[in-house]
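If you're wondering where the values come from, they're calculated on a predicted model, not measured in any experiment. The sequence lines fix the lettering, A, B, ..., with proteins before strands; numbering per chain opens at 1.
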Amino acid sequence: MAELPDLTVFAHILSRKFKGQVLEKLEVTVAKKLNVTVPELAAALEGRELEGIKREGKTLQFHFSGGQLLGLHLMLRGELVELKNDETPRFQIIAFHFKNGTGFAVVDMQKQATPTLNPKPVDAPDALALEEAYFTGLLAKKRTVVKSLLMDQHLIRGIGNSYADEILYHAGVSPFSVANAIPPKAAAKILNSIGVILHKAIREIDEANGDELTGELKDFMEIHSSILKKTAKGESIKSDKIGGRTTYYIDTQELFH
DNA sequence: GTAATTGTTCTAGC
DNA sequence: CGCTAGAACAATTA
């Protein structure tokens with residue numbers, strides 16, 4: 001599934017392929033998640049130039065001329081497909097057809113992917129734009145387990161279940177640690193790991209994907225995997241549930257509580 | 001046939 | 001009332 005690093009790479013690929021193209025037709029196959037009607041969406045975007053694609057949190061933001069913005073959340077199973085020939089991909093949600101004959105579609109077998117016209121700006125900072133003062137302040141006032149905090153999109157945008165595990169493993173902090181019990185030194189370590197892990201993943205996915213919008217993303221996980229029994233260093237991986245989500249960790253990650 | 005998947009939203013409880 | 005933890009939901013595959 002697509003998480004922050006995948007979305008960052010997708011935004012770059014989409015920009016290379018479609019930036020500057022004029023949207024001829026917006027095809028909506030599944031409308032139930034839209035925040036506006038299909039005619040409203042078409043009226044807002046058709047005939048506009050796609051000026052740029054950015055990632056924000058776990059969403060892609062398609063900036064069109066005239067100040068129109070389409071947010072897209074792929075949720076659990078959403079994927080992007082470059083359109084070839086005139087075939088409609090299986091599980092299509094929406095498709096963008098450009099004047100020059102190219103295009104791409106959003107597909108989702110669970111129909112959960114959510115396009116939003118002109119989404120409200122959100123306050124919570126992106127995981128790659130975190131300031132140390134904000135992050136340490138956040139940790140200090142929350143009593144929740146640190147993994148849940150990292151994943152709370154109202155506090156920090158962009159970190160999901162798998163990268164939360166990777167980040168905490170890298171930082172050497174137990175995912176069960178209580179946020180406000182984490183000392184400043186460990187907090188700084190976690191913040192550093194957020195940047196290191198996410199940037200590393202972006203780099204690796206970028207290299208692996210090239211110009212492929214989809215294609216299977218290689219698994220770069222060091223610890224968050226149902227197959228792995230041991231880390232590369234030979235530490236045995238344990239699994240447990242946090243907030244109903246499978247969490248992978250090793251015994252030596254320091255627990256603060 | 002059933003479990004697993006996982007981000008978000010809703011709700012119950014302290 | 002504020003905060004937190006956990007359940008429910010979505011739809012399909014293995």
Short side-chain N/O contact from [X] to OP1 or OP2 of [N], under 4.0 Å:
X: A/His73; N: B/dT8; value: yes
X: A/Lys32; N: C/dA11; value: yes
X: A/Lys142; N: C/dC3; value: no
X: A/Arg90; N: C/dT13; value: yes
X: A/Thr246; N: B/dT5; value: yes
X: A/Lys58; N: B/dT8; value: yes

- Message: Tell me whether the count of non-hydrogen atoms from other residues, nucleotides or ligands lying under 6.0 Å of CD in A/Gln110 goes above 12.
- Response: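 Enclosed: over 12 neighbouring heavy atoms sit under 6.0 Å from CD of A/Gln110.
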Rounding to a whole Å, what distance do you find between [X]:[atom1] and [N]:[atom2]?
X: A/Met151; N: B/dT9; atom1: CE; atom2: P; value: 14 Å
X: A/Leu155; N: C/dA5; atom1: CG; atom2: P; value: 12 Å
X: A/Leu72; N: B/dG7; atom1: CG; atom2: P; value: 16 Å
X: A/Glu79; N: C/dT13; atom1: CD; atom2: P; value: 12 Å
X: A/Ile242; N: C/dT4; atom1: CD1; atom2: C1'; value: 14 Å
X: A/Leu150; N: B/dG7; atom1: CG; atom2: C1'; value: 15 Å
X: A/Asp165; N: B/dT6; atom1: CG; atom2: C1'; value: 12 Å
X: A/Lys33; N: C/dA11; atom1: NZ; atom2: P; value: 8 Å

- More 5' along DNA chain B: A/Ile159 or A/Gln110, using each one's nearest nucleotide?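 The residue closer to the strand's 5' end, by nearest nucleotide, is A/Gln110.
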- Message: Classify A/Ser148 by what it touches in the nucleic acid, base, sugar-phosphate, or nothing, heavy-atom distance under 4.0 Å.
- Response: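 Nothing: the residue A/Ser148, judged by heavy atoms under 4.0 Å, touches no strand.
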- Query: Between A/Thr144 and A/Arg245, who's closer to the 5' end of DNA chain C by nearest nucleotide?
  - Reply: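 Whichever sits nearer the 5' end wins; that is A/Thr144.
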- Query: Of the nucleotides B/dT5, B/dG7, C/dT12, which one has an atom closest to the side chain of A/Phe91?
  - Reply: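 Looking only at side-chain atoms, A/Phe91 lies closest to C/dT12.
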- Task: Name the closest nucleotide to the A/Lys111 side chain, picking from C/dT12, B/dT8, B/dG7.
- Result: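 Between C/dT12, B/dT8, B/dG7, the one nearest the side chain of A/Lys111 would be C/dT12.
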- Is any NZ, NE, NH1 or NH2 atom of the basic residue among A/Arg55 and A/Asp126 found under 4.0 Å from an Asp or Glu carboxylate oxygen of the other?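 Here A/Arg55 pairs with A/Asp126 in a salt bridge, since their nearest N and O are under 4.0 Å apart.
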- Query: Quick one: does A/Gln112's side chain have a donor or acceptor within less than 3.5 Å of a partner on A/Gly78's backbone?
  - Reply: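 Absent.
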- Message: I'd like to know whether the aromatic ring centres of A/Tyr249 and A/Tyr169 sit less than 6.0 Å apart in this structure.
- Response: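 That pair fails the under 6.0 Å test.
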- Compute the centroid of each ring, for A/Phe62 and then for A/Phe96, and state whether the two points are separated by less than 6.0 Å.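 Close enough - the centres of the two rings lie under 6.0 Å apart.
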